[in-house]
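Inspection log for the structure reproduced underneath, given as structure tokens.
The figures that follow rest on heavy atoms only: side chains count, while hydrogens, waters and symmetry mates do not. Labels below follow one simple rule: chain letters A, B, ... track the order of the sequence lines, proteins then strands, and each chain is numbered from 1. As the structure is a prediction and not an experimental result, all values here were calculated from the model.
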Amino acid sequence: MKVSLEWLGEFVNLPGSADALAEILTNGGTEVIGREGRGEIPDKVVVAQILSSEPHPNADRLSVCSVDDGSGSPRQIVCGAKNYKVGDKVPLALPGAVLGVDFKIKSGKLRGVVSDGMMCSAKELALAEDAAGLLILSPDAPVGSPVGKLFPPDTVLELEVTPNRPDLLSLRGVAREVSALTQTEFLAPALPEPPTTPAGDRVRLSDLGCPFYTARVIRGVRIAPSPSWLATRLTAAGLRPINNVVDVTNYVLLETGQPLHAFDLAKLDGDIAVRAAREGEQLRTLDGGNLVLRAHDLVIADQSKAVALAGVMGGVETAVTETTVDLLLESAWFEPSGIRKTAREFGLQTDSSYRFERRVDPSGTLAASARAVELILQIAGGTADELTLVAGSPPDDTREVSLDGNNCRNLLGLAVSDDEIAAILRRLGLEFSGAGRWRTPSYRPDLTREADLIEEVIRVAGIHRVPSRLRAFPSASSLADRRHDRAEILRERLRAQGFSEARTSHFVSADSLSRAGVNGADATAIRNPLGAEQALLRPDLRAGLFAALANNLRRGAASVRLFEIGRVFSAGGERTALGIIVTGSVAATWKGALDKSDFHDLKGVVEAVFGKMTFSSTPDAGLSGRLENSLASGVLHRLPREQAAYFDAKAPVFYAEISVDRWLEAKAEAVRVAPLPKFPPVERDLAAILPKTVRYAEVEKWLRKADVPHLQNIFLKDVFSDESGEKLDAVLRSLTITLTFRDEARTLTADEVDRALETLRDRMKAELGAVFRQ
Amino acid sequence: MREELSALREEALRDIAAAADLTALERVRVACTGRSGRLTQAGERMRHLPKEERPETGKLLHALRGEITGALDARLSELRAAAEEAEMSAVDPTLPGTASVAGAMHPLQQLQKQAVEIFRRMGFALAEGPDIETEWHCFDALNTPPDHPARNEQDTFYLPDGRLLRTHTSTVQIRTMETQAPPVRIIAPGAAYRRDEVDATHLAQFTQMEGLYVDEDVTLGDLKGTLEYFFRELFGPDTKVRFRPHFFPFTEPSYELDVRAAALGGGERWLELAGCGMVDPAVFERVSERRGDDAYDPRRVRGFAFGFGLERLAMILFGVPDIRMFVENDQRFLSQFVR
């Protein structure tokens, strides 16, 4: 809502500066989100009338005009605009005028033709941001007079009116609010209601969407451009002047908040019917659209056709044009929900629908009509019928609401007195009706409950008066607390391993899933996605982390170490997953580069985070399998080369994804300290040569089951193999396993350990086919 | 014998002083005081001396052994100190340290963690709710009118089954009150979704932090005190907080909260950072209908609620120029948050 302070000042005494007013409105809940200043129009810019216009001899796009600048002799101006006609009045900057900061107008030649000044657009005079062509002035503008007289300096504030305050969508409404907030007088007298007569057959209402319709006939008007004062105010509010009658309806809409519509009476076929549209009925609207209506749209119709989309936009066939003589002026009240639905369906948000959607004051319908008639007669002439036709009746939007001062004080934590509460409510137009009850004004449909009145009290009194109170009470920790804290532990552990935390989008595309090797068939689909790229909710973290991998590699990263903890979605519901992706070598130091990341690095990272896990895979799965322990489970794999190449990875890429909800929700196990051993351990290395096909897990499992006396720990110290076969047959590998022996009650002798080891070797030879070097 | 000892002394002390390193010194030690060293041999020979000469020679010998041992020890620590000094000066202490580098926690996570810690200090517990929500939890229960624009397909993501992606974390208020009787003091960080075209300041999926406090005697003064404390803890004691009346369907009175602080750059500029207000009685009524009891009867309980976006806060706090940087996961960006 754009508010011209020059106009607003008609209804209320404004505070000293626009800044002060902006602050008052903002503190009252209506934010000022924009401000345009209209300064003084520069000197030597005068009203000129175009006498003739000829094509420029040397330039297709230019014209050579002769204009009357009031000096008595015509002046020649070269002009590039097209939007004028001979006889129009326009602003003319004479030589010596300075536009903007330092644009000085001079006499000169344009493409060889003398131009003795410049005709101006609204933008060139800083009157509007719209620069399309010359600013056409009102015909009543006196030729030769300074344009500055037509456009006195003004400030326009743009207000962000919240949806609960339809009363602020008019100048009078804003003025009433300012008067209440500043405790000054509301200067606008109540608008009188005109005498009425029942419309009978002349207006028939057949739809609940329009409970109240009024019409007034005006005959013999002369359609012309609006006078300057009217055009200027409309322009300030962001509306484009059209003609005097249409401009008056818009002017009254801005002044009172009541949308109006004028029909060309001669083009109406008989009586008015406000009815539901017929399915498929068509209407050509003022904006050039051709609407195909549906049965839930409300229309104004005559006897043969729909003539307007009720409360949204008029039809072009019955519009007021230059040839219009007789008018039918509509002022009606429409139900907000129907207007909202229709306006949204057709994508038509008009100044009219915007207000009806938010609920127009039903008690102002007739007064606004009378105000418009007064202005039309004053500006366009003609005579109005004495009586306004009315059909139906407006809803009663006033309400009785009770307010208990104690409830108010308790909710606010502010000792505001009953007297002050009453004074505030009165200033806002509420009337005390006894016994703690208040009658709300019809223009405040948002006030229906005690809470609404309390809000009004603190809005006017100001929250700055409420003393801040800081109290803290303990809360029992929740499951969400535990999940949060345990997730932080995961993050810290991964961070310590050199991984950074990523956050990828919850939206993925079918393509990105298939590229990442995810079956997206069961992924949760969005019905109205922003595009195919965001059509699905991620079923796991792969697509996002693979894209993050590619992003980093394409920007030259030598290694990528990222993880993400986040929600993933499936038909079964939402769960929390941890994804870890790694490629390239770990950061090198001057002591020498560390190894390139490999499968076992990532396996080790996962185990460092979750503790020991078992890895299982099918024989043909390659480097891909499942990791599992009692609280977490997931997958670990090396990306197939082709897939890794797609993401621009030159080194192998390893990925693990673990479901972590159970781990997050588990209580941390209490530590129970084991007694420290009293006797020293004995360690022996066992260097077993085995076929490569024997997996280490089998060896370790065999050792654990072998029931070796005093064996306490098994640690794989080294793995050796030689592809060339020189040092060791290529199908074999040597596993060096450190075995730790200990007895809790005594020191073991070297002899007995060696004997146990000898027995073990023999059994491994026999049972596993191991060979031992001497 | 006396002359002999005197010569031995001179020679030993000279050799000790001349020993250039620990090995040479050890050789001297063995030659003097070792098992077959000269001093030891001199002791052997003393046995052949006349009986009356022995005590005096013994004394001399003892003194000499003490003197030589002392000289050896002194030379030993001199050489050790020199060796250590040589060893240390061979190392360039300005070479970089070689500890492994820790990764970074995501900036939004760091901010969230910090926020959680501050609210916990005031006795708030965490709460969660699903991202995929019912229209009832997201709109109806939060007093949003049936034809409110926020419910549009243009603004809100829907699933084919009619459920939606929550447009705010306020749904967690409802989820919590459904299952937990007052008093309730919760904060709920989480994802929210709006059908905004993605640009430098908008993501279709973003992060919010919700708060709710319901008890029998909660006031607007508590709301003020709580949020003022929070932002001062977060941005420093010079932080100024302004509550600007606004409108939300689920609170009344409602406020937008503006903050001004040196930590936010500028210092003169008010930055809109949060929405808040007193829980609208209609919300308590919806919850009461659902629960079927009077635990949240609006005549008995009152509450405040608030919510803010973490991305916007993080952008201002860390000087991040484009919101998309939070989801691009460029390691050059993330590594700046290692701490």
Side-chain angles (χ1 to χ4, degrees), chain A residues 26 28-29 162-164 337 340 411-413 451-452 455 458-459 463 466-478 480-481 484 488 491 494-496 498-507 524-528 530 534 548 551-552 555 557 560-562 567 569 574 587 589-591, chain B residues 95-96 98 100-106 108-109 113 116 121-128 130-132 147 152-153 157-160 183 185 191 195 197 204-205 217 219-222 224-226 228-229 243-247 252-253 255 278 280-281 302 326-332 334-335:
Chain A
T26 297
T162 53
N164 59 326
S337 55
R340 188 174 300 135
L411 185 85
L412 299 177
D452 303 322
E455 178 184 37
I458 192 59
R459 201 168 61 79
I463 188 174
V466 175
S468 300
R469 181 164 76 164
L470 183 56
R471 303 184 296 169
F473 301 95
S475 297
S477 68
S478 64
D481 278 305
H484 171 272
E488 288 300 310
R491 288 188 173 92
L494 283 156
R495 227 166 68 73
F499 286 81
S500 284
E501 186 182 18
R503 280 202 175 197
T504 69
S505 175
H506 294 185
F507 294 110
T524 309
I526 303 296
R527 190 170 79 203
N528 55 335
L530 275 173
Q534 295 156 311
N551 270 347
N552 280 290
R555 287 165 188 168
V560 174
R561 288 168 86 81
L562 291 172
R567 286 192 183 183
F569 306 84
E574 301 173 22
T589 74
W590 53 268
K591 285 185 182 169
Chain B
L95 287 173
T98 55
S100 66
V101 179
M105 215 188 277
H106 195 279
L108 292 173
Q109 192 61 39
K113 187 179 175 192
V116 166
R121 230 169 289 147
M122 289 186 278
F124 284 77
L126 279 163
E128 282 184 311
D131 288 17
I132 299 176
D147 52 358
N152 273 349
E153 296 240 336
F157 292 107
Y158 284 89
L159 269 56
R185 279 179 298 275
R195 241 175 136 270
E197 286 295 338
Q205 174 216 324
D217 59 349
T219 71
L220 184 61
D222 290 314
K224 268 184 88 173
T226 301
E228 283 167 351
Y229 172 81
F243 293 82
R244 191 159 38 69
H246 197 69
F247 172 76
E252 186 168 56
Y255 295 91
M278 302 303 290
D280 194 292
R302 297 191 300 265
F326 291 125
V327 288
E328 276 167 6
N329 302 305
D330 191 322
Q331 290 182 139
R332 296 168 304 175
L334 295 173
S335 64

Quiz item: Does any heavy atom of chain B fall under 4.5 Å from the side chain of R503(A), the backbone, both, or neither of them?
Solution: both
Practice problem: Give, as side chain, backbone, both or neither, the part of A451(A) having an atom under 4.5 angstrom from any heavy atom of chain B. | Solution: both
Self-check item: Heavy-atom pairs under 4.5 Å with chain B, option from L411(A), T26(A), T162(A) with the top count
Solution: L411(A)
Quiz item: So what's closer than 4.5 Å to chain B heavy atoms on D481(A): side chain, backbone, both or neither?
Solution: both
Self-check item: Which portion of M105(B) sits near chain A, non-hydrogen atoms under 4.5 angstrom
Solution: both
Exercise. Pick one of side chain, backbone, both or neither for S337(A), based on which atoms fall under 4.5 Å of a heavy atom in chain B.
Key: both
Quiz item: Among S477(A), G28(A), S500(A), which residue forms the greatest number of heavy-atom pairs with chain B at distances under 4.5 Å?
Solution: S500(A)
Quiz item: In Å, rounded to the nearest 0.5 Å, how long is the span from CD of E252(B) to CD1 of I458(A)?
Solution: 12.5 Å
Practice problem: Output the option from S475(A), A472(A), A557(A), G413(A) having the highest count of non-hydrogen pairs under 4.5 Å with chain B. | Solution: S475(A)
Quiz item: Can we say D222(B) and R185(B) salt-bridge, meaning some charged N sits less than 4.0 Å from an Asp/Glu carboxylate O?
Solution: no
Self-check item: Part of N528(A) within contact of chain B (heavy atom distance under 4.5 Å)
Solution: both
Quiz item: Of the backbone (N, CA, C, O) and the side chain (C-beta and beyond), which part of A104(B) lies under 4.5 Å from a heavy atom of chain A, both, or neither?
Solution: both
Quiz item: Under a 4.5 Å heavy-atom cutoff, which of E197(B), R121(B), H246(B) has the most pairs with chain A?
Solution: H246(B)
Practice problem: Under 4.5 Å heavy-atom distance to chain A, tell me which part of D280(B) shows up: side chain, backbone, both or neither. | Solution: side chain
Quiz prompt | For E488(A), side chain to side chain donor-acceptor pair (under 3.5 Å) partners two or more places apart | solution = R491(A), Q109(B)
Exercise. Side chain from CB out, backbone as N, CA, C, O: work out which of these in P183(B) comes under 4.5 Å of a heavy atom of chain A, or both, or neither.
Key: neither
Quiz item: Can you check whether L126(B)'s main-chain N or O pairs, donor with acceptor, with S478(A)'s side chain at less than 3.5 Å?
Solution: yes
Quiz item: To the nearest 0.5 Å, how far apart are CZ in F326(B) and CG in L108(B)?
Solution: 5.0 Å
Quiz item: Quick one: what part of E228(B) sits under 4.5 Å from any heavy atom of chain A, side chain, backbone, both or neither?
Solution: side chain
